[in-house]
Amino acid sequence: MHVVIMGCGRVGAELAQALEQQGHTVAVVDQDPTAFRRLGSGFGGRRVSGVGFDQDTLREAGIEEAGAFAAVSSGDNSNIIAARVAREMFGIEHVAARIYDPKRAEVYQRLGIPTVATVRWTADQMLRRLLPSGAEPLWRDPSGGVQLAEVHTSPDWVGHRVSRLQEEAGVRVAFLTRVGEAMLPTSQTVLQEGDLVHVMMRCDQIDEVEAVFGTGPEEGRS
């Protein structure tokens with residue numbers, strides 16, 4: 001998959017290197033050509049100088065062939081504008097924006113743009129938003145039998161109770177991340193668009209859990 005990244009600061013450079021190591025092609029956009037030094041001499045992707053929400057600049061970076069776009073510059077406004085251009089003008093499905101002001105996160109997510117707060121693990125969190133396929137282990141017990149994982153959830157689950165998701169998948173939802181904040185679900189909690197679901201499960205349940213989470217409630221599965 002081709003991924004376009006706006007911003008070549010520490011997070012952008014780390015994200016670009018991680019994606020390239022996973023076999024993806026990457027283009028990094030930044031207004032400051034000297035910022036590309038952070039990528040190192042071994043980076044094989046494109047380096048594009050320009051404004052990250054300019055359509056011609058994005059086309060030069062290969063946005064029309066991209067499967068994901070990350071806006072990780074140092075400005076909230078620039079990030080959200082670029083993310084919306086990628087989503088609305090070029091139809092990119094997997095789009096995520098870095099955010100400095102958490103008060104804006106809810107507004108941005110209502111626009112359908114997942115956000116990642118500025119924390120020390122930002123690059124890792126951003127990677128999870130761009131490549132949301134499969135369970136991402138966050139913790140595993142010493143015996144290797146039980147793990148905590150973030151599992152990609154189909155939009156078909158939006159509007160359904162967490163308790164139903166747990167029942168159909170046979171797992172325990174440990175917590176949700178909603179608008180950048182962790183929350184413990186109750187029996188009445190309903191999944192909302194943009195929720196990240198973190199699950200406690202046996203390691204041998206991964207395939208079954210991914211199937212349930214990824215295809216929606218039982219009546220929607222064949």
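Source: prediction; values computed, not measured.
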- Taking atom CZ of Arg46 as the centre, report whether more than 12 heavy atoms of other residues, nucleotides or ligands fall under 6.0 Å from it. yes
- Item | Pairwise distance CG(Leu191) to CG(Leu196) - rounded to 0.5 angstrom | 11.0 Å
- Side chain to side chain, Gln31 and Ser49, heavy atoms closer than 4.5 Å: no
- Message: Distance check, rounded to the nearest 0.5 Å: Asp54 atom CG versus Glu60 atom CD?
- Response: 9.5 Å
- Specify the closest pair of heavy atoms between Ala86 and Ile63, including all atoms of both residues, with the distance to one decimal. CB-CD1, 4.4 Å
- Query: Taking all atoms of both residues into account, what is the closest heavy-atom pair of Phe36 and Val28, and its distance?
  - Reply: CE2-O, 3.5 Å
- Shortest non-hydrogen contact from Val95 toward Ile92: CG2-O, 3.4 Å
- Item | Evaluation steps, side-chain contact (heavy atoms from CB on, under 4.5 Å), between Cys8 and Arg47 | CA-CA 9 Å; Cys8 195; Arg47 300 167 172 85; over 6 Å; no
- Using the side-chain contact (heavy atoms from CB on, under 4.5 Å) rule, take Leu15 and Val3 through it: C-alpha gap first, then chi angles, then the decisive distance, then the call. CA-CA 10 Å; Leu15 185 60; Val3 182; over 6 Å; no
- Note on the structure: The side-chain contact (heavy atoms from CB on, under 4.5 Å) partners of Ser41 (sequence neighbours excluded) come to none
- Query: Is there a side-chain contact between Ser78 and Met6 (heavy atoms, below 4.5 Å)?
  - Reply: yes
- Message: For a 4.5 angstrom cut-off between non-hydrogen side-chain atoms, does Arg84 reach Phe53?
- Response: no
- Message: I'd like to know if the side chain of Glu210 reaches the main chain of Asp207, judged simply by a donor and an acceptor atom lying under 3.5 Å from each other, with no hydrogens or angles considered.
- Response: no
- Query: Quick check: does any side chain N or O of Asn79 sit under 3.5 Å from a backbone N or O of Ser73, one acting as donor and the other as acceptor?
  - Reply: yes
- When every non-hydrogen atom of Val51 is compared with those of Val29, the smallest separation belongs to C-CG1, 4.3 Å
- Would you mind telling me which of Thr153, Thr189, Leu184 makes a side chain to side chain contact (heavy atoms under 4.5 Å, CB included) with Leu176? Thr189
- Nearest heavy-atom pair of Gln205 and Ala169: which atoms, and what distance? NE2-O, 4.1 Å
- Within a strict 4.5 Å, meaning less than it, do heavy atoms of the Trp139 and Met200 side chains meet? yes
- Under 3.5 Å, side chain of Gln192 to main-chain N/O of Gly159, donor-acceptor pair present? no
- Query: Do Leu58 and Phe69 come close enough that some side-chain heavy atom pair is under 4.5 Å?
  - Reply: yes
- Message: Test of understanding: clusters of I, L, V, M, F, W, Y form through side-chain heavy atoms closer than 4.5 Å, transitively. Do Val171 and Val190 belong to the same one?
- Response: no
- Query: Just how far is it from atom NE2 of His24 to atom NE2 of His2, taken to the nearest 0.5 Å?
  - Reply: 12.0 Å
- Query: Given side chains that start at C-beta, do those of Leu148 and Phe175 come closer than 4.5 Å, heavy atoms only?
  - Reply: yes
- Query: Is the side chain of Glu20 donor-acceptor paired with the backbone N or O of Gly44 at a distance under 3.5 Å, no angle test?
  - Reply: yes
- Message: With a 4.5 Å cut-off on side-chain heavy atoms, are Phe213 and Val199 touching?
- Response: yes
- Keeping the roles fixed (side chain from Gln17, backbone from Leu39), state whether a donor-acceptor pair exists under 3.5 Å. yes
- Could you tell me whether Arg59 atom CZ has more than 12 heavy atoms of other residues or ligands within 6.0 Å of it? yes
- Can Met201 and Arg172 be said to form a side-chain contact (heavy atoms from CB on, under 4.5 Å), step by step? CA-CA 7 Å; Met201 60 183 166; Arg172 177 69 58 84; over 6 Å; no
- Query: Going only through I, L, V, M, F, W and Y residues with side-chain contacts under 4.5 Å, is there a path from Val158 to Val212?
  - Reply: no
- Query: For Val173, does its backbone N or O pair with a side-chain atom of Gln166 as donor and acceptor, under 3.5 Å?
  - Reply: yes
- Message: So, taking the atom named NE2 in His198 and the one named CD in Glu150, what distance separates them when rounded to the nearest 0.5 Å?
- Response: 5.0 Å
- Message: With a 4.5 Å cut-off on side-chain heavy atoms, are Asp195 and Thr177 touching?
- Response: no
- In Å and rounded to the nearest 0.5 Å, what is the CZ to CD1 distance from Arg87 to Ile80? 9.5 Å
- Task: List the atom of Arg140, the atom of Cys203, and the distance in Å for their closest heavy-atom pair.
- Result: NE-SG, 3.7 Å
- Counting only heavy atoms not in Gln22, do more than 12 sit closer than 6.0 Å to its CD atom? yes
- Item | CG on Asn77 to CD1 on Ile99, rounded to 0.5 Å | 10.0 Å
- Could I get the full list of ring-ring contact (aromatic ring centres under 6.0 Å, His included) partners for Phe43, not counting sequence neighbours? none
- Message: With side-chain contact (heavy atoms from CB on, under 4.5 Å) as the criterion, how do Trp157 and Val197 come out once you've worked through the C-alpha distance, each side chain's angles and the decisive distance to 0.1 Å?
- Response: CA-CA 11 Å; Trp157 278 108; Val197 184; over 6 Å; no
